[in-house]
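Atoms within a ligand are numbered from 1 in the order they appear, just like the ligands themselves.
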Amino acid sequence: MDIIFHHPTFDTQFWLDGMQQLIPDARVRQWRPGDNQPADYALVWHPPVEMLSGHSELKGVFALGAGVDSILSKLQTHPDMLPEGVPLFRLEDTGMALQMQEYAVSQVLHWFRRFDDYQALKLQAKWLPLEDYRREDFTIGVLGAGVLGGKVAESLAAWDFPVRCWSRSKKNYPGITSYAGNEELSDFLNGTRVLINLLPNTPQTVGIINSQMLNQLADEAYVMNLARGVHLVENDLLAALDSGKVKAAMLDVFAKEPLPENSPLWKHPRIAITPHLAAVTRPQEAMEYIAKTIREIEKGESPSGQVSLHNGY
Ligand SMILES: NC(=O)C1=CN([C@@H]2O[C@H](COP(=O)(O)OP(=O)(O)OC[C@H]3O[C@@H](n4cnc5c(N)ncnc54)[C@H](OP(=O)(O)O)[C@@H]3O)[C@@H](O)[C@H]2O)C=CC1
Ligand SMILES: O=C(O)C(=O)CO
């Protein structure tokens, strides 16, 4: 079995050695421009078109992250990049759900315990106990209830917050109210105080966090974008912060990354920023997942994690 690997920033040797150890009888190589030799599996992130195109012998292409939007958008301009019938897989969790839970829970608790207000008071040397927020006024709404959104919702429900989620299909997560489809979006938004985004980037979700959505949230709402920058209309968020509709935002992802130095988001006192690291690929867990998936494919099984090209995620 031949496995080819391409990632613009990962430690390639670590991945080659790791995959070799997990599948000892495989030949694992770094793909380099000009390499047109056949392969059974490809592990990729931002793959050059020529790495995959024409390779209909591939039994699987693995995206080395959870989101496949960069690959799918390249397919729009280069439809031959993924030969017909070659399945595309993505990483399901592989350690990312725990990171997302850490990120979301810590920030929700930060807002709920009013640490942002106390930080502002501290800068004025003001000793002023504020009224506690009540859990019943702190409904958390998670946009996207898949592998990551579902786990984030569960961890916040474990902290006894009222939690709801929104997805295409109905979910049955214990203690979480599920809303599905565009027809239930307004009900989901109505009363949501903390909006956490974990949707995939698809034509249906681009620009979804806009004025119309923000205006339907509870007053003094909080917004956390952990999915993709294109989901959020940044000027609409700034307007909602200025009007007081939104009290604060925590952003990990941006329409343009790295976020340009002159972006007004940097200077806004009620926006916190992290540089797209809410959840990163954990190499060992990812490799074990890929090796397990390859073994399942080799046995003729249908492993989970296959991307629906039709749905775009
Ligand atoms: N900031 C970071 O560091 C990282 C960001 N991400 C982002 O997180 C995203 C989510 O990852 P993951 O949870 O694994 O993805 P999943 O595919 O498991 O979940 C996606 C969820 O979104 C729902 N959804 C998709 N389209 C719509 C729509 N049009 N309307 C309503 N709901 C919709 C799906 O509904 P249904 O369940 O019904 O199909 C599903 O619940 C990734 O696509 C990626 O962009 C991922 C990793 C790290
Ligand atoms: O896995 C993904 O989709 C990411 O955004 C990783 O940072």
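Of the heavy atoms in D69, none comes closer than 4.0 Å to ligand 1. In V147, the parts holding a heavy atom less than 4.0 Å from any atom of ligand 1 are both the side chain and the backbone. Looking at A279 against ligand 2, only its backbone comes within 4.0 Å, counting heavy atoms.
No continuous path of ILVMFWY side-chain contacts below 4.5 Å connects M51 to L64, so the two sit in separate hydrophobic clusters. A single hydrophobic cluster is not seen to contain both L98 and M100; linkage of ILVMFWY side chains at heavy-atom distances under 4.5 Å, directly or through other members, places them apart.
Note on ligand 1: T202 sits outside its first shell, no heavy atom being nearer than 4.0 Å.
For ligand 1, the atoms closer than 4.0 angstrom to any heavy atom of G67 are 42 (C), 43 (O), 44 (C). Below 4.0 Å from some heavy atom of M96 lie the following atoms of ligand 1, by number and element: 47 (C). Here is the list of ligand 2 atoms found below 4.0 Å of a heavy atom in G67: 1 (O), 2 (C), 3 (O). With ligand atoms numbered from 1 in the order given, ligand 1 contributes 5 (C), 7 (C), 45 (O) to contacts under 4.0 Å with heavy atoms of A227. Less than 4.0 angstrom separates some heavy atom of V253 from each of these atoms of ligand 1: 1 (N). Heavy-atom proximity to L198, at under 4.0 Å, picks out these atoms of ligand 1: 8 (O), 10 (C). Heavy-atom proximity to G65, at under 4.0 Å, picks out these atoms of ligand 2: 1 (O). Near A66, meaning under 4.0 Å from any of its heavy atoms, are these atoms of ligand 1: 46 (C), 47 (C). In the vicinity of K171, heavy-atom distances shorter than 4.0 Å reach the ligand 1 atoms 36 (P), 37 (O), 38 (O).
Put simply, the side chain of R164 never gets that close to the backbone of T177: no donor and acceptor are under 3.5 Å apart. Proximity of a side-chain donor or acceptor of D35 to a complementary backbone N or O of Q37 within less than 3.5 Å is detected. The backbone N or O of E50 sits nowhere less than 3.5 Å from a side-chain atom of S53 that would complete a donor-acceptor pair. For D252 (side chain) and A278 (main-chain N/O), a donor-acceptor pair under 3.5 Å exists by modelled atom type. Looking at R114, its side chain does come within 3.5 Å of a backbone N or O of E131 through a donor-acceptor pair. One N or O on the side chain of K170 and one on the backbone of S178 form a donor-acceptor pair closer than 3.5 Å. Of the possible polar contacts, one joining the D40 side chain to the D2 backbone as a donor-acceptor pair under 3.5 Å is found.
D17 meets the side chain to side chain donor-acceptor pair (under 3.5 Å) test with Q13; sequence neighbours excluded.
Here atom 3 (O) of ligand 2 lies nearest to R228 when heavy atoms of R90, Q99, R228 are compared. Across the listed options T94, L148, V142, L148 owns the non-hydrogen atom lying nearest to atom 13 (O) of ligand 1. Closest heavy-atom approach to atom 24 (N) of ligand 1 among the candidates L199, T281, N201: L199. Around atom 21 (C) of ligand 1, the closest heavy atom drawn from A278, P275, S304, G146 belongs to G146. Of the options R228, H276, E92, Q204, the smallest heavy-atom separation from atom 45 (O) of ligand 1 is shown by R228.
Ring centroids of F5 and F10 are separated by 6.0 Å or more, keeping the two rings apart. Ring centroid separation for the pair F62 and Y289 does not come in under the 6.0 Å cut-off.
Both the sub-6.0 Å distance and the 45° axial angle are not jointly satisfied by R193 relative to the ring of F138.
At the top of the distance list for atom 30 (N) of ligand 1, counting protein heavy atoms only, stands W166 CH2, 3.2 Å. Nearest to atom 5 (C) of ligand 1 among the protein's heavy atoms is L226 O, 3.2 Å. Here the protein heavy atom with the shortest distance to atom 39 (O) of ligand 1 is Y313 OH, 2.5 Å. For atom 7 (O) of ligand 2, the nearest protein heavy atom (residue, atom name, distance) is H276 NE2, 3.2 Å. For atom 2 (C) of ligand 2, the closest non-hydrogen atom of the protein is A66 N, 3.5 Å. Nearest protein neighbour of atom 14 (O) of ligand 1, counting heavy atoms only, is R90 NH1, 2.9 Å. With respect to atom 20 (C) of ligand 1, the closest heavy atom belonging to the protein is P200 CD, 3.6 Å. If you check which protein heavy atom lies closest to atom 48 (C) of ligand 1, you get A279 O, 3.2 Å. At the top of the distance list for atom 26 (N) of ligand 1, counting protein heavy atoms only, stands R168 CD, 3.5 Å. With respect to atom 4 (C) of ligand 1, the closest heavy atom belonging to the protein is M100 CE, 3.4 Å.
Checked by atom type, the side-chain pair Q284/E288 shows a donor-acceptor distance below 3.5 Å.
At least one side-chain heavy atom of M1 sits under 4.5 Å from a side-chain heavy atom of E298.
Applying the side chain to side chain contact (heavy atoms under 4.5 Å, CB included) test between R282 and each of M287, M96, Q99 identifies Q99 as the sole match. When each of Y133, F115, Y222 is checked for a ring pair (Phe, Tyr, Trp, His ring centres under 6.0 Å) with H110, only F115 meets the rule.
For the pair T205 and ligand 1, the shortest N or O to N or O distance does not fall below 3.5 Å.
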